[in-house]
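Accompanying notes for the structure given below.
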Amino acid sequence: MAHVSFKSKEADSMSRWSKYLSTEESPLPASVSWRAMGVDGPQGSASGQKHLQMEPVVQLSKVAEGLLAKMYRLNSILDYPDPNAHTFSEAFWKAGVMPNFPKICITLSKKFPEHPNKLQLEKVDKFALDALNENAEGYMQNLEQWIMLILDLLEFREQALRLILDLSSTVITLLPHQNSLILHAFMDLFCSFVRVNLFSDKIPRKMILQVYNILHIMLKGGRDCEFYHRLVQFVDLYDPPVKGLHEDLNFVSPRIGEVLEAVGPIIFLSTDTKKLRNEGFLSPFHPRYPDILTNSAHPMRAQDLANVTSYREWVLLGYLVCPDELLRVTSIDVAMVVLKENLVLSLFRDEYILLHENYQLYVLPKVLESKRMAKSGRTKQKEADLEYNVAKQVEKMLMEVHEQALVSADALHHERRILLKQEIGRMVLFFTDQPSLLAPNIQMVFSALALAQCEVVWYFQHVGIASSKSSRGRTVDIDAADPTIGFLLDGMGKLCCLVRKYIAAIKGYALSYLSSCAGRIRFLLGTPGMVALDLDATLKGLFQQVLHCLENIPKPQGENVPAITCDLTDLRKHWLSILMIVTSSRSSVNIRHLEKATVSTGKEGLVSEGNAAYNWSRSSETQCLVQKDVPNIVVRGLEQLAAFQNVNKIGRDSISYVESLIESIMGGLEGLINILDSEGGFGSLEMQLSPEQAAIRLNNATRAKAVSGLLAPGHESYPDNSSSVKMLEAAMQRLTSLCSVLNDMEPICVLNHVFILREYMRDCIIGNFRRRFHSMIRTDNCLQRPSVIESLLRRHLSIIHLAEQHISMDLTEGIREVLLAESFTGPFPNLQVFETPTETHGGGSAIDIISNWYIDNFVKDASRTGVVFDASQNCFRSSQPIGGGYLAEAFTDKRELKALVRLFGGYGVDRLDKLLREHTSALLNCIDSALRSNRDALEGLAGSVNSGDRIERDANLKQIIDIETLADFCIQAGQAITFRRLLVEAVGAVLEEKVPLIYSLLKGLAMQLPEEVPDKNEIIRLRRVASSVGVGDKHDAEWVHSILAEIGSANDNSWTLLPYLCAAFMASNMWSTTVYDVSTGGFSNNLHCLARCVSAVVGGSEYTRMEREHRRNSLSNGHMDELQEPELLSRVSAEANIKSAMQLYVKLSAGPYIVPKLIFLDQLCEMSPYLPRSTLEVHIPYTILRSIYHQLYGASLMATEPMEPSPRQSPLISLAHASPSMKQNRADTTPRSHTFEPGYHSSSGSQYDEGYEGDRRTGERQLRSMRRSGPLDYTGSRKVKFVEGSSSGSHGAGSGSLQRFAVSRSGPLSYK
């Protein structure tokens, strides 16, 4: 990589600065160096003296603009860091400029100018230092252009200082009325130099330099970069920049003081609105003598007013970097006038520094130092007395002017804006009526536009500016709706339009003036005084070239004026060359000589005529009917309005102010809504008695007994308790009033932005609803119950509907969009055109949060709260609260799942179903992998079963690997299938309640679907819809079948061994710790969910296998006609195969009679639609099951109700003389009781009302009498657990249970 070489860059001339100059600028010849052009020029007089040229001065000012633009770009790339406070944002480190190692980089910046080798950076961050070393080349490339920027700043400082020194030491006069053109060029360069160095403090110069050098050291074997030490001195000298500027500009300080004193009268005039109005400085006619329709009273002063913006900038920057000049007697008033009406000092575009803070930091200490020195010398020198008094006055002025600016700045400018509004309005009326007078008064028009521009720019720069060190903490109180700004911009626009309209007349007048000027200059050159001066050949040649340019100007005739084109660039160039010679102290003929030699004629002097020709030459060009720059000498009269709109500061500050105002209003609106949507708001109106509380209240009311803790009916209507109601009414009134006012407000127009408050109000209400909805679904550590979310949602919607009555827009549509966005997670273009909202809390939409939470806690049991499925209550239960909130039944009860379905609708259910499918598909893949990996062992197991070899069977069972882990996966799959079944039952209940006709249609349609395998696509969709709403009796197998079809599993013959793999679970060690809980009708480790998994997976895999065989046969036969009959019988044959597989599984599982296994197989027959109970009777006599249930439920009943008969008929009674042959009418099998609604909170456990319990027992007693089989569902409060080997007689593994049956009166002891 070609690294930066300072020597080569120093040798460059124009090429160094070409990148900072626009294409319109004409660069100097490459053969002439900047250093040479800055000091030397063409040969002057005969004495051989060399004179300065103007081109380097002008172009170096333009280079300063380029440097400012590049620093501004760097600042924006780095996210506007604060290098002095070492504050850097995250975007700073991700910008790709600095290495993303904050510790190293900040340490290098803080320890500047200490050399990096002395900092022991390995102790700061060894890892970062190693990473820097590894990627030094890339980091160095990233810093290359920015280290070049600092090098350019150093070179610019040297060249600019050299030019400023030469100009200040050689130009004999820098007064505005004598040498205005050279003065403006000199001060432009001076101010550009100051602004560049002040702005450089906003970029991380120290960090860039130090990091670049350490990278150079790493790459170059420990050597510093060749320009490192010079740049360290430069950056250290300008840290802070004002300190370096004080030292560098000390030599030109007296000349700056003279200039600032000279422009003081024009500044005083611009602030004296009364004098401007009374004397008619900006009027086309004299205010006291309206008949005089010229501005001949104050022609020069009116033109000087066009430069007042530049003069004010000179004062602010000049006294900041040359503080000693404040000690001049007349400087105090000049500085105070300008400081009193400004708070910020603009640097570039929207970048600025706080004016008074910097004066306090850098100017006041210099004044105090001068005061101390003058005080110590008062006894020795009389002059020190005056110096001390002046320093004391300056100190007082600087201490007080800040507060004065905060108080009076806006008032001063407001008065000035009113004056300009009136004067520009008069100009528009006058020149519209008298357009022929516009051209002679065009300089006055320029002055008015310049002053107006200054006021508009000041207004938008100072709106909202706060002073960080004001003793009273005050801000500028500026009216954001000040009408004078609008009037001023409107007047300026009209005046510019007027100038454009009469551009031909203005151009013709300017050309005529220049033509006449040629004769006057020729006359002045021939006067005796000029002859006596004996000009040298260089001056004579330049004057002749000026005359040649003027005399060759085309004469405007008739209507051909707009078509005239003339380039007067040479005229201005030659005249500037003359001025540079005659204002140089090295010239034998200076400007004073020319004025004295020609002023005796009684007309304008030669220099005045030349300056006027220079100004009018710019006005004659249609493309530049102005002067130089917006904040400098002349203003673009035709482009004033566009110039204002291009000021970034104006637009950003004004729009930010309006946006902050609107934001505060919307914050109040949001606060009112949230107050109403709180427990103290509408929530207080929703306090209702629970059924238990109502029953207790009624019972005690009949007994005339008071109950503590329960409020009497109507208590809120008592006068003592009416404050809450009044507060609620007041909040509602304020909400409706605010909505009405905002709805009726007209749009707010700021520049080219329009703010419609109705739209902001709609976005506020909709955005607040989205945030509130996300807060509803969560509590501190848990998820909120769906029924509670539904209640809170309805409450918030009632408030929105209340506000909607006073707004002329549809909020309901926006609410529906939010709810749809929180429920639907697919591609939104398929549904509607609005954008997907990005403002979510907690990661994802609401349905994603809730779905993942349900799966984590009820399918995976990630919180380890002992979640089990309660078959008696048809919900999941937990032994402890989930997340410290509610028990599991509080979320999976049918009422809660129905509320969840109502909240998120079909899209939300689809999302939850999709996540369940994804989780279940992963578990099915585990089963598929187990079948493949254990295929040999399973085939051996199948052979041993057919041969009846028990030894070989046991050996093959031991060869199956990871059987415990696989069993856990299958239990988890069973939990997912069970939860999905609860969900579809809730969907069906909601559908039957809300749209019964559609539900009955789906129910009837499901019964008429054709029995074909494979189904057509339309039939598959209908089956899935029917399954998703709980229609049919084979939900689980159909669902697993669809999952297997999607993931492409069950495609080989290994799945025929699935019954053998499931039978292997019966040999697992998990049965030794399994406990049957009579209160839940299931096992403590959810083994009863394994039964549902086995039934569903065996059924689903068989459907998939049949479809695979059908496709294979179709491909082999080539057509479908011959297979029509098998298709019609295929689903029947598939179900026959499923029943065969299930019977094989029962046969393999009915081994040693361990009690949990027997109950498990009985439950499998209970829930599987493919397994008749007669299948179990063949292998396990029902007498054993009857004895087990009798002992379990009998013991539970005796523990809870010893004196009462059992409330339910047991299988011992109902089936004493008949053994079931098969299950009939499985769709009408009595479900578990759903009438009981438990108390959900952890503190209340499972408490419920006794009245409810009595009704429930009666209903269940009637329903249970119709059952043919199954476990008895006794409701004891204490769980009686039967664990294998836990009886008092024996502790064996399998025989203990049979020995226990041996003493039973229920039936035989053992069965083969």
Legend entry - Contact check, side chains of Ile807 and Ile765, non-hydrogen atoms, under 4.5 Å: yes
Legend entry - Check: Asn743/Ser740 side-chain N/O donor and acceptor closer than 3.5 Å: no
Inset, instruction - Verify, without hydrogens or angle tests, whether Ser878 (side chain) and Ala888 (backbone) share a donor-acceptor contact under 3.5 angstrom. - result: yes
Legend entry - Geometric cation-pi criterion, Arg785 with Tyr886: 6.0 Å, 45°: yes
Inset, instruction - Quick one: closest heavy-atom pair of Arg911 and Ser823, and the distance? - result: CB-O, 4.4 Å
Inset, instruction - Please confirm whether the backbone N or O of Asp677 pairs with a side-chain atom of Arg772, one donor and one acceptor, at under 3.5 Å? - result: yes
Inset, instruction - Please confirm whether the backbone N or O of Leu661 pairs with a side-chain atom of Ser664, one donor and one acceptor, at under 3.5 Å? - result: yes
Inset, instruction - Report yes if the side chains of Asp870 and Phe876 come closer than 4.5 Å at any heavy-atom pair, otherwise no. - result: no
Inset, instruction - Please confirm whether the backbone N or O of Arg1092 pairs with a side-chain atom of Ser1095, one donor and one acceptor, at under 3.5 Å? - result: no
Legend entry - Ser787 side chain to Glu896 side chain, donor-acceptor N/O pair below 3.5 angstrom: yes
Inset, instruction - Using a strict cut-off of less than 4.0 Å between a Lys/Arg side-chain nitrogen and an Asp/Glu carboxylate oxygen, indicate whether Glu790 and Arg902 qualify as a salt bridge. - result: yes
Inset, instruction - Determine the interplanar angle of the Phe858 and Trp853 rings, folded into 0 to 90°, and report it as parallel if under 30°, tilted if 30 to 60°, perpendicular if over 60°. - result: perpendicular
Legend entry - Of Ile815, Leu676, Asn768, the residue whose pairing with His796 passes side-chain contact (heavy atoms from CB on, under 4.5 Å): Asn768
Inset, instruction - Please examine the side chains of Ser845 and Asp848, heavy atoms only from C-beta on, and report whether any two atoms are closer than 4.5 Å. - result: yes
Legend entry - Any Ile673 side-chain heavy atom under 4.5 Å of Ile800 side chain: no
Legend entry - Donor-acceptor side-chain pairing of His1041 and Thr1104 below 3.5 angstrom: yes
Legend entry - Which atom of Ile777 lies closest to which atom of Ile850, heavy atoms considered: CG2-CD1, 4.2 Å
Inset, instruction - Using distance alone, with no hydrogens and no angle criterion, decide if Arg1023 and Ser1042 have a side-chain donor and acceptor under 3.5 Å apart. - result: no
Legend entry - Asn874-Glu985 side chain donor-acceptor pair, cut-off 3.5 Å: yes
Legend entry - Residues Glu1046, Arg1024: salt bridge by 4.0 Å N-O rule: yes
Legend entry - Backbone N/O of Leu924 and side chain of Asp928: donor-acceptor pair under 3.5 Å: no
Inset, instruction - Verify, without hydrogens or angle tests, whether Glu804 (side chain) and Asp810 (backbone) share a donor-acceptor contact under 3.5 angstrom. - result: no
Legend entry - Nearest atoms (heavy-atom pairs only) where Thr978 meets Cys1089: OG1-SG, 3.9 Å
Inset, instruction - Determine yes or no for a side-chain-to-main-chain donor-acceptor pair under 3.5 angstrom, with Ser921 supplying the side chain and Glu918 the backbone. - result: yes
Legend entry - Flag if over 12 foreign heavy atoms under 6.0 Å of CZ, Arg734: no
Legend entry - Any Thr920 side-chain heavy atom under 4.5 Å of Trp1039 side chain: yes
Inset, instruction - Could you check if a side-chain atom of Asp913 sits within less than 4.5 angstrom of a side-chain atom of Arg980, using non-hydrogen atoms only? - result: yes
Inset, instruction - Supply the atom-to-atom distance Gln972 CD to His919 NE2, rounded to the nearest 0.5 angstrom. - result: 3.5 Å
Inset, instruction - Kindly indicate whether the side chain of His774, heavy atoms from C-beta on, has any atom under 4.5 Å from the side chain of Glu822. - result: yes
Legend entry - Given Tyr854, Phe891, Phe869, the one that forms ring-ring contact (aromatic ring centres under 6.0 Å, His included) with Phe979: Tyr854
Legend entry - Lys898 bridged to Glu993 by N-O distance under 4.0 Å: yes
Legend entry - Leu897 side chain near Val901 side chain, heavy-atom distance below 4.5 Å: no
Legend entry - Pairwise distance CG(Leu735) to CD1(Ile675) - rounded to 0.5 angstrom: 10.0 Å
Legend entry - Atom pair CG/CZ of Leu819 and Phe824 - distance to nearest 0.5 Å: 15.0 Å
